[in-house]
Each structure stands twice: as C-alpha cells, then as structure tokens.
Amino acid sequence: MVQEMSDKELITVTIDRYTDLQQVRKANGGHENEMLDYLIKVTTVKLSSLGINVEDITL
C-alpha cells in the first residue's frame with residue numbers, strides 16, 4: 001500500500017533535509033564540495049516551490 005505525504009509532511013521532510021545539508025556544509029570546514037553545493041541548490045528550489053523562504057533557516 002502506497003501512502004502519499006501531506007503538503008505539511010513534505011515541507012517538514014524537505015526542511016529537515018535542507019538543515020542536514022547545511023550542517024554538513026558547516027562541518028566541511030570551507031572545503032569546496034560540488035555535489036554538496038548542488039544538493040543544497042536543488043533542495044532550496046524544492047523549498048521555494050513549496051513557498052518556504054530558506055533565508056530564515058540558513059546557517
């Protein structure tokens with residue numbers, strides 16, 4: 001059985017992913033990581049499409 005997420009659940013999961021990626025970036029110590037940057041960009045776009053302003057939750 002497949003259950004769909006509500007919009008609120010999708011937003012919560014995506015915010016959690018974004019904050020996890022932000023923590024990895026901070027722990028990365030300023031080293032360039034193209035894949036990490038890409039994942040953050042994609043997650044930012046997803047949050048924006050859901051109406052979430054990431055400026056409020058960026059480290």
Side-chain angles (χ1 to χ4, degrees):
M1 176 182 260
V2 175
Q3 293 183 333
E4 292 187 30
M5 282 188 198
S6 69
D7 288 345
K8 193 168 195 167
E9 289 171 320
L10 179 59
I11 289 169
T12 299
V13 167
T14 309
I15 287 173
D16 288 346
R17 177 172 173 84
Y18 181 77
T19 56
D20 289 346
L21 291 169
Q22 287 291 309
Q23 290 174 16
V24 170
R25 175 186 268 170
K26 186 172 183 175
N28 203 25
H31 297 285
E32 186 174 329
N33 185 325
E34 290 181 22
M35 181 54 75
L36 178 59
D37 292 342
Y38 174 75
L39 291 172
I40 290 171
K41 281 182 186 180
V42 169
T43 306
T44 301
V45 170
K46 288 179 182 180
L47 286 169
S48 179
S49 74
L50 294 167
I52 305 301
N53 182 355
V54 297
E55 291 179 13
D56 297 336
I57 58 174
T58 300
L59 288 176

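What you see below is based on every heavy atom in this structure, not just the backbone, and it leaves out hydrogens, waters and symmetry mates.
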*ILVMFWY cluster, Val45 and Val42 together (side-chain gap under 4.5 Å)*: no
_Inter-residue atom distance Gln22.CD - Leu36.CG, 0.5 Å rounding_ = 8.5 Å
*Distance, nearest 0.5 Å, that separates CD1 of Ile15 from CG of Leu50*: 8.5 Å
*Would you give the length of the straight line joining atom OG1 of Thr14 to atom CD1 of Ile52, rounded to the nearest 0.5 angstrom?*
9.0 Å
*asked:* How close do Ile11 and Leu47 get, counting heavy atoms only, and between which atoms?
replied: O-CD2, 4.4 Å
*Can you tell me how far the CG atom of Leu21 sits from the CG atom of Asn28, to the nearest 0.5 Å?*
11.5 Å
*Mind checking side-chain contact (heavy atoms from CB on, under 4.5 Å) for Asp7 and listing every partner two or more places apart, or none if nothing turns up?*
none
*Not counting sequence neighbours, list each pair that qualifies as a salt bridge (Lys or Arg N to Asp or Glu O under 4.0 Å) and has a residue in residues 9-19.*
none
*side chain to side chain donor-acceptor pair (under 3.5 Å) partners of residues 32-47, not counting sequence neighbours, each pair once*: Arg25-Asp37
